[in-house]
Amino acid sequence: CSPPQYLSSFIQTHTQTPMNQDSLKVRPKRGNLNHFSVLISLLRDRRTFLEEVRGETKLESKIVSLLFSSSFFFSVYGAIIGAYGGGLQIISSAIKLPALYLITLIICVPTLYFFDILFGSKLSFKQYITMSLTSVSVISVLLFSFAPVALYFLISVKGYNFFLLLNVLVMALTGCVGVRLFYKGMVDMAGPDGFEHKLRLRLLRGWVFLYGLVGSQLGWTLRPFVGAEGEPFQIFRPEIDGNFYAQVIRSIGSMLGIN
């Protein structure tokens, strides 16, 4: 007895059409790796990356990827410097260090955007956000590269002022590199005729100074990042008087034995 007509056609169709081996392969999920690939493309070929930003190519995905990857690297370095105080300070610093850089951008980017368009800038707000995040992402990668150094001194040297000043120096160095790349990137984005107006170029330089000033003082406001030995854990210090630069001078004097 022969099989029914519909069953014969089903068997014939599936026996004549071999299954594609590619369909049997389990496709790996890229997931969050795509976020890091955007940052790697920025580091490897900055000129091509800037061309894509100038052409407004996938700016939304770039913003999300740079935000994710920079926050991850900042969190790792924040956890290491917070390990000096131990316990909850590790978690606190891992959260506050990314917040420090991102809140600084939230405060400073609108100033640059509105003043820049006043003097003839044709860039969109998304392009300004993307460019500022490229600077922050470069800083985060450089901090991450210093993580083994910070970890070494954390283990080998038990001196609060030394460890504090070491991290201030590292952050200042990486910040200078990141801001310099941002400055050069903005000049390249504007093109050869973009900064003919000297006042606009001075504005960009002034904004770089403002960014450093706001960031350093915000770091003072969000302290502690390095918990001091013998003191209870605090998310924020209740004292808001003083400033970052005065504290650096006091730490240098204390380390050198100068009251």
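- Under a cut-off of 6.0 angstrom, the local environment of CZ in F115 is sparse, with at most 12 non-hydrogen atoms contributed by other residues, nucleotides or ligands.
- Distance alone, capped at 3.5 Å, is enough to place a donor-acceptor pair between the R54 side chain and the D188 backbone.
- For the atom pair S75 OG and L143 CG, the distance stands at 11.5 Å (nearest 0.5 Å).
- The backbone N or O of Q217 lies less than 3.5 Å from a partner atom in the side chain of T221, making a donor-acceptor pair.
- Under the 4.5 Å side-chain contact rule for hydrophobic residues, F68 and I40 do not share a cluster.
- The cluster map of Ile, Leu, Val, Met, Phe, Trp and Tyr, joined by side-chain heavy atoms under 4.5 Å apart, puts V76 and L133 in the same cluster.
- The two residues I80 and A147 have their closest heavy-atom pair at CD1-CB, 3.5 Å.
- The distance from the CD1 atom of I63 to the CD atom of Q127 is 10.0 Å, given to the nearest 0.5 Å.
- Residues S251 and Q247 have side chains that bring a donor and an acceptor to within less than 3.5 angstrom of each other.
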Item to check | salt bridge (Lys or Arg N to Asp or Glu O under 4.0 Å) evaluation trace for E56 with K126 | outcome: CA-CA 8 Å; E56 299 190 68; K126 288 182 181 179; over 6 Å; no
Item to check | Test side chain to side chain donor-acceptor pair (under 3.5 Å) applied to Y128 and S121, step by step | outcome: CA-CA 11 Å; Y128 278 91; S121 173; 2.7 Å; yes
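- Proximity of L102 to S71: side-chain heavy atoms (C-beta onward) are separated by under 4.5 Å at one or more points.
- In terms of heavy-atom proximity, H35 sits nearest to V64 at CE1-CG1, 3.9 Å.
- In terms of hydrophobic clustering, with Ile, Leu, Val, Met, Phe, Trp and Tyr side chains grouped at heavy-atom distances under 4.5 Å, F125 and L123 are assigned to a common cluster.
- Contact record, G215 with L100: O-CD1, 3.5 Å, taken as the closest heavy-atom pair.
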Next on the checklist: side chain to side chain contact (heavy atoms under 4.5 Å, CB included), that's the test. Do V141 and V138 meet it? Break it down for me.
Outcome noted: CA-CA 5 Å; V141 171; V138 169; 5.9 Å; no
Item to check | Residue pair V187, Y183: steps toward the side chain to side chain contact (heavy atoms under 4.5 Å, CB included) verdict | outcome: CA-CA 6 Å; V187 174; Y183 178 83; 4.2 Å; yes
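- Atom CG of L105 is separated from atom CG of L67 by 9.5 Å, given to the nearest 0.5 angstrom.
- Side-chain atoms of L169 and L165, non-hydrogen and from C-beta on, never get closer than 4.5 Å to each other.
- Crowding of I235 atom CD1: a count of heavy atoms from other residues, nucleotides or ligands under 6.0 Å not exceeding 12.
- Judged by distance alone, the side chain of T48 and the main-chain N or O of D45 form no donor-acceptor pair under 3.5 Å.
- The environment of R250 atom CZ is dense: over 12 non-hydrogen atoms of other residues, nucleotides or ligands sit within 6.0 angstrom.
- A donor-acceptor contact shorter than 3.5 Å links the side chain of R223 to the backbone of W220.
- Counting all heavy atoms, side chain and backbone alike, L181 lies closest to R46 at O-NH1, 3.7 Å.
- Scanning all heavy atoms of the two residues, the minimum distance from G185 to L50 falls at CA-CD1, 4.1 Å.
- Taking CG from L142 and SG from C176, the interatomic distance works out to 11.5 Å, rounded to the nearest 0.5 Å.
- The backbone N or O of G178 sits less than 3.5 Å from a side-chain atom of S135, completing a donor-acceptor pair.
- Stacking of K62 on the aromatic ring of F49 is recorded, both the 6.0 Å distance cut-off and the 45° axial limit being met.
- Proximity of a side-chain donor or acceptor of K96 to a complementary backbone N or O of P224 within less than 3.5 Å is detected.
- When atom types are taken as modelled, the side chain of S92 and the backbone of L88 share no donor-acceptor pair closer than 3.5 angstrom.
- The hydrophobic clustering, which links ILVMFWY residues whose side-chain heavy atoms are closer than 4.5 Å, places L213 and V136 together.
- Taken from CG in L97 to CD1 in I81, the straight-line distance is 5.5 Å, to the nearest 0.5 Å.
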Next on the checklist: Pair M131, M186 - check side chain to side chain contact (heavy atoms under 4.5 Å, CB included), show working.
Outcome noted: CA-CA 7 Å; M131 288 301 299; M186 288 300 297; 3.9 Å; yes
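- Side-chain N or O atoms of S93 include one that pairs as donor or acceptor with a backbone N or O of F225 at under 3.5 Å.
- Between Y84 and F163, the two ring planes are parallel [angle under 30°; tilted spans 30° to 60°].
- Annotation: side chain of L210 is in contact with side chain of V214 (closest heavy-atom distance under 4.5 Å).
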Item to check | Verdict with reasoning, L218 to F244, per side chain to side chain contact (heavy atoms under 4.5 Å, CB included) | outcome: CA-CA 9 Å; L218 184 61; F244 167 79; over 6 Å; no
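- Both F209 and I139 are members of a single hydrophobic cluster when ILVMFWY side chains are connected at heavy-atom separations under 4.5 Å.
- For the atom pair OG of S65 and CG of N34, the computed distance is 7.0 Å after rounding to the nearest 0.5 Å.
- For S132 (side chain) and I129 (main-chain N/O), a donor-acceptor pair under 3.5 Å exists by modelled atom type.
- Taking the six-membered ring for Trp and thresholds of 30 and 60 degrees, F182 and W207 have ring planes inclined between 30 and 60 degrees apart.
- For the 3.5 Å distance criterion, the side chains of Y245 and S216 qualify, holding a donor opposite an acceptor.
- Aromatic pair F144/Y77: centroids not less than 6.0 angstrom apart.
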